Structures are given as structure tokens and as C-alpha cells.
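Below is one structure, written out as C-alpha cells, with a few remarks after it.
Letters A, B, ... are given to chains in the order of the sequence lines, protein chains preceding strands, and every chain is numbered from 1. On a predicted model such as this, the values are computed, not experimentally measured, just so you know.
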Amino acid sequence: MQNQLVIYNTLTRTKEKFEPLNKGLVGLYVCGPTVYSDVHLGNCRTFISFDLIYRYLLLLGFKVRYVRNITDAGHLEGDRDEGEDKFAKKAKLEQLEPMEIVQKYTLGFHDVMREFNNLPPSIEPTATGHICEQIEMVKKIISNGYAYEVNGTVYFDVEKYNKEFPYGQLTNRQLEDLIANTRELSGQDEKHGRLDFALWIKAKPEQIMRWPSPWGWGFPGWHIECSAMSSKYLGDTFDIHGGGMDLQATHHTNEIAQSQACNHKAPVKYWMHTNMLTVNGVRMSKTAGNGFLPGELFTGNHPLLEKGYSPMAVRFFMMQTHYRSTLDFSNDALQASEKGYARLAAAVKTAENLKTSATSTSNIQELEKNCFDAMNDDFNAPILVSHLFEGARIINSVNDGKETISEADLVLLKKLMHDFVFDVLGLKSEISNTSSDNALQGVMEIILEIRKEIKSKKDFAASDKLRDNLNKINITIKDTKDGAVWSLTAGE
RNA sequence: GGUCCUGUGGCCGAGUGGCUAGGCUCAGCUCUGCAAAAGCUGCUACAGCGGUUCGAAUCCGCUCGGGACCUCCA
């Protein structure tokens with residue numbers, strides 16, 4: 001383990017030393033998507049942020065069990081436990097079975113995650129696959145006295161819970177304030193308290209997605225699935241629970257309450273929340289209608305986009321902002337990232353063929369330390385990136401013969417660039433001249449040879465035309481002092 | 001209304017009480033047949049007003065602006 005990792009814990013609102021409950025092991029749970037529609041870029045940001053966190057924990061040598069759920073049932077519109085089921089509504093809209101909706105958007109989600117080069121979680125449990133566990137948990141909460149049943153629906157008794165535990169601790173709020181901001185219960189409301197929320201919900205007669213329970217046919221409330229699945233796979237108390245900041249006030253607050261009420265233990269040691277992606281300063285969300293779909297971004301097929309951006313350019317764009325800061329989305333910012341990333345990636349490639357000398361003009365060990373220090377400080381990727389550009393500068397300077405590097409330092413430099421650029425930031429090269437197409441390799445060698453002959457005859461008009469035309473089909477030729485080289489750039 | 005976050009140079013974004021991340025853009029230079037790439041140099045900063053301090057963009061107060069959560073959303 002390189003030095004000491006520090007994590008900002010939402011629970012205490014401070015940075016704390018990271019000490020896993022079990023030495024060398026990390027239990028990580030992240031709230032996954034509700035698969036009733038396409039994931040937009042804001043959703044992706046959260047998963048990319050936690051992918052970075054997961055990857056860095058792995059680099060540090062931890063054995064990480066990363067659990068990220070798929071919500072495929074029980075998520076109502078509106079958290080008043082009275083809205084329409086999201087899946088049922090969408091199913092009606094698309095004239096499909098609810099589980100067809102689930103399947104369709106789960107597959108889409110996985111495709112997008114793969115495009116962004118996110119590592120798959122260790123376990124990806126679904127709510128519908130854990131109905132029994134959720135029912136058992138609800139039963140236990142009732143027998144522990146923190147929940148009650150009314151007409152087939154089970155509610156969590158927030159006010160009773162709050163007498164023993166600080167219900168609003170995750171958002172630093174007092175119960176009285178929370179109650180003051182909640183509307184009055186109507187006469188027909190089944191809840192005892194204004195803040196009470198459903199653990200189990202009675203199904204309406206027409207509902208397809210329903211299961212038998214001690215309280216009749218119904219389906220689980222949204223919050224209970226995460227509590228049930230996280231404790232099943234990670235234990236009653238585990239290391240890190242993450243999610244978007246928008247889940248903090250309601251979903252995570254209720255998760256803590258449920259788990260505590262059920263298991264008599266605080267479920268999580270470190271709560272981590274990622275900030276939102278904004279468009280023109282306003283949060284990207286499904287309901288605001290300002291969401292970008294990843295596909296639109298890659299193709300540039302969106303009114304707000306001037307062109308398409310590759311998945312890695314977008315990922316790099318996100319890596320240049322800390323996960324707890326909002327990130328504003330714009331063409332200019334995206335273009336800057338695209339170019340910056342191309343330069344960084346090119347340097348990593350250049351490092352493969354550097355000549356070594358007896359001594360180094362740069363301190364590579366210090367550079368390595370700086371990289372670890374940056375990530376150890378609550379996963380500060382933007383600082384890491386700045387150090388990686390220092391690495392790129394060194395590589396390019398050595399390549400130009402302006403600086404030197406020793407054999408040992410080059411090995412270290414190559415390793416750290418590889419570790420941090422590919423393994424931690426999760427980027428992958430999009431430029432290539434090592435095309436698997438042998439025919440193309442051969443053709444390019446012939447073309448460069450012919451162009452060399454043309455150039456030696458000083459027919460620059462012809463050689464430039466060749467270069468320009470190749471450029472149009474995404475083949476770039478550069479004339480270096482050691483001769484011409486070519487590379488294939490990712491097409492749009 | 002309540003609970004918070006935030007306002008950095010042309011743009012995006014880090015950051016610590018004093019030593020001014022980084023990327024992109026722009027200008028100049030080196031290299032080059034020209035490009036490209038690369039390197040070097042330069043250019044505009046810390047919303048405003050007070051206060052604490054030897055010293056603050058960084059701490060405190062106020063003003064103005066932006067945003068989030070409290071209602072589903074990663």
C-alpha cells in the first residue's frame with residue numbers, strides 16, 4: 001500500500017484515513033441504475049467516478065468486492081409511495097412486458113458501461129432476484145418494532161427510530177426540520193408519521209410485478225433492496241457505500257435507518273457521494289429533459305453539440321474534475337479534453353521507444369510519489385492528471401533529445417504512466433498504427449516509401465497531396481527527422 | 001422558508017494562509033521544404049466590500065450572483 005489513503009466521508013463531513021474493516025479487503029457498494037430508461041451522461045458520471053475509485057483501490061493492492069445493483073422493481077414515481085410503478089408505466093408506453101423493459105435497458109446500460117471502459121462490478125444483483133431477502137428484512141424490522149403494516153403495506157416508523165438514532169445524520173438535519181418541510185398527512189393516508197416510508201407495498205390488482213408476502217401480494221419499496229443486498233454480499237457493516245449526491249437525503253438516509261433497525265448496527269463506515277453533471281449550470285436529469293444520451297454524445301447527434309466525442313475523450317473530460325465537484329458540460333470543455341487526452345496518449349506511446357542514457361534529468365521517483373499522493377487525497381484525479389502531463393512533458397523532451405533518462409527511470413516512468421493512465425483513470429488508447437490489418441500495414445509501408453521518393457525529387461505538391469488525402473480518411477502522416485510515421489486516428 | 005455548496009485568468013478546472021496545479025485557446029520562438037508533432041517563452045486570476053493576520057484567492061462577517069437538496073432522478 002502506497003502511503004495513506006484519505007476519503008471524504010459524508011457521514012462526518014470530513015476527510016478520514018481509510019482503514020478497511022478487514023485488512024486488505026474492501027467491501028464497496030454503489031447504487032446502480034433503475035433500468036426503466038436509457039442512462040444519460042449524468043448517470044454515467046457517477047459510475048465512472050466509482051470505477052476510478054474501484055480501480056485505484058485495486059492498484060493499491062486491496063482485494064475489493066464491488067457490488068452494484070440493478071433496480072428492476074419497486075421504484076415508484078414520487079417517493080410518497082403512491083405514484084405509478086416506473087416499469088409498469090414504461091411498459092405501457094412501449095407496449096412491452098415490464099421485464100422486457102428491464103432487459104432492454106439493462107443491456108443498454110451494460111453497453112454504455114463497456115464503451116466508457118468501466119470495469120464490471122464483482123456482483124451485480126437485481127431487486128427481483130432478492131425478494132426473499134427483502135421480505136425477511138422487513139419482517140425483522142417489524143419484529144424489532146420499527147415498522148408497522150396497514151392494509152398490506154408496511155411502513156417504516158421514522159419518528160420512533162429517531163428517538164434512538166439520528167435519522168437525518170447523513171444530511172446533517174434534525175427531524176423537526178425535516179417534518180416542518182413535509183406536507184401534512186391527508187385524512188386517507190395510511191402512514192402514522194409524515195416521514196414514514198414504505199418497506200413493502202401492496203400491489204394493485206392489475207400489477208404484474210408482484211410477489212407473495214406475509215402481508216399479501218405486493219412488491220418491495222425502493223430503499224429496502226439496497227439494504228438487503230448490501231448486507232447479503234458485504235455483511236451487516238461494510239466499508240464504502242457510494243452513490244450520487246441526489247440519493248443522499250432520501251435513499252441513503254432510509255437505507256441507514258432500515259439496516260440499523262434490522263441489524264442493530266450502522267451499515268456503512270464510509271459514505272461517498274459524487275456530484276452532479278450540469279448543462280449550462282443546471283443539473284442534468286431525466287425530468288429536466290436536458291439529458292444527453294451517451295450515443296448522442298459519441299455521434300454528435302444533439303442540438304447542443306457541435307461534433308461527436310469519443311468515449312475516452314468524455315471519460316478524460318470527467319477525470320479532469322474532482323468527483324465531489326459539479327462538472328459543467330460544454331463543447332469547449334469537451335474539445336479541450338479531447339486534445340489534451342490525445343497528447344497524453346501519444347506521449348504514453350512515445351515512451352515505448354525512448355532511448356536511455358546514463359543519467360536522468362528528471363526525478364521520476366518524485367513524479368511517482370506525486371501521483372500516489374494525488375490519488376491518496378480523496379481520489380484527486382485532476383491533480384493526478386496534472387502530474388501525468390508532467391510525465392508526458394518528460395517523455396517528449398527525452399524523445400526530442402532535450403532531456404535524458406536512465407534505463408531504470410524509464411522502466412519506472414513507463415510503469416507509472418501505464419498504471420495511472422490505463423489502470424487507474426481507465427483510459428484506453430484510441431490511436432493506433434499497430435493495426436491488426438496486415439494488408440493495411442503493408443500498403444502504408446509502400447505508400448510511405450513512394451512518398452519518400454517523391455519528396456527526394458522535391459515534388460512537394462505531390463507529397464503534400466498524398467498526406468492531405470490520407471488525412472481525410474483518418475490516416476495521419478508526420479515527417480519526423482527519422483523519417484515519416486503514420487497513425488490511424490479514431491474516426492467519428 | 002429550512003439545510004448546504006459555490007463564484008478562480010479567453011474557456012474548463014485544481015489548490016494551500018506566504019513559495020501563484022494542469023489542460024485547451026491565443027501570441028512569439030526553436031525544429032521543419034511546408035505541415036503536423038514536440039519543446040520553450042509570454043498573456044490576461046482568484047465576485048464586491050470590510051475584518052483577523054507581519055502576510056489571504058485561501059480564515060471571519062456582510063453584499064451581490066450561481067447551484068443543489070428538502071418531491072422521482074446518479
Stepwise salt bridge (charged side-chain N to carboxylate O under 4.0 Å, His left out) test for A:K15 and A:D377 | CA-CA 9 Å; A:K15 285 183 188 174; A:D377 184 13; 2.8 Å; yes
ring-ring contact (aromatic ring centres under 6.0 Å, His included) assessment of A:F420 paired with A:F372 = CA-CA 9 Å; A:F420 282 100; A:F372 277 102; 5.1 Å; yes
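Distance noted for atom C1' between B:C49 and B:A56: 15 Å (whole Å). Nucleotides B:U58 and B:G9 have their P atoms positioned 15 Å apart, rounded to a whole Å. Rounded to whole Å, the separation between the C1' atoms of B:C69 and B:A74 comes to 14 Å. Taking atom P in both B:G66 and B:G55, one finds a spacing of 34 Å when rounded to whole Å. Only the P atoms considered, B:C12 is 24 Å distant from B:U20, to the nearest whole Å. The gap from the P atom of B:A35 to that of B:C19 amounts to 41 Å, rounded to the nearest Å. With P as the reference atom, B:C62 and B:U71 are 28 Å apart, rounded to whole Å. Nucleotides B:A14 and B:G23 have their P atoms positioned 15 Å apart, rounded to a whole Å.
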Contact letters for nucleotides 1-13 of chain B, in which S counts primed atoms plus P, OP1 and OP2 and B counts the base, heavy atoms under 4.0 Å | BBSS------SSS
For each nucleotide in nucleotides 27-42 of chain B, reading 5' to 3', give B when a protein heavy atom comes within less than 4.0 Å of its base, S when such contact involves only the sugar-phosphate, and - otherwise.
-> ------BBBBSSSS--
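With hydrogens and angles left out, the side-chain atoms of A:Y105 and A:D72 include no donor and acceptor closer than 3.5 Å. A:N254 and A:Y167 are linked by a side-chain donor-acceptor pair at a separation below 3.5 angstrom, with hydrogens and angles left out of the test.
As a whole-Å value, the separation of A:R324 CZ from B:G15 C1' is 13 Å. Here the P atom of nucleotide B:A74 and the CZ atom of A:F116 are 15 Å apart, to the nearest Å.
Within the 4.0 angstrom heavy-atom criterion, base atoms lie near A:G42. Residue A:M276 is classed as a base contact, given a heavy-atom separation below 4.0 Å to a base. Looking at heavy-atom distances under 4.0 Å, A:L388 makes no contact with the nucleic acid at all.
Not a single donor-acceptor pair under 3.5 Å links the side chain of A:S487 to the backbone N or O of A:I475. Side chain of A:E225 to backbone of A:Q134: no donor-acceptor contact under 3.5 angstrom is found. Between the side chain of A:Q320 and the backbone N or O of A:V385 there is no donor-acceptor pair closer than 3.5 Å.
Remark: A:F116 pairs with A:F298 by the ring-ring contact (aromatic ring centres under 6.0 Å, His included) rule, at least two apart or across chains.
Base-pair partner of B:C59: B:G51 (Watson-Crick or G-U wobble, both distances under 3.5 Å). Pairing for B:C26 is with B:G42, a Watson-Crick or G-U wobble pair whose two hydrogen-bonding atom distances lie under 3.5 Å. Across every strand in view, B:A68 sits in a pair with B:U3 that passes the Watson-Crick or G-U test at under 3.5 angstrom. When both distances must be under 3.5 Å, the Watson-Crick or G-U wobble mate of B:G17 does not exist.
A cation-pi contact links A:R68 to A:F47, judged by a cut-off of 6.0 Å to the six-membered ring centre and 45° from its axis.
With A:R451 as the fixed residue, the side chain to side chain donor-acceptor pair (under 3.5 Å) test singles out one of A:D459, A:D464, A:D479: A:D479.
Checking the phosphate oxygens (OP1, OP2) of B:G15, a side-chain nitrogen or oxygen of A:N380 falls inside 4.0 Å.
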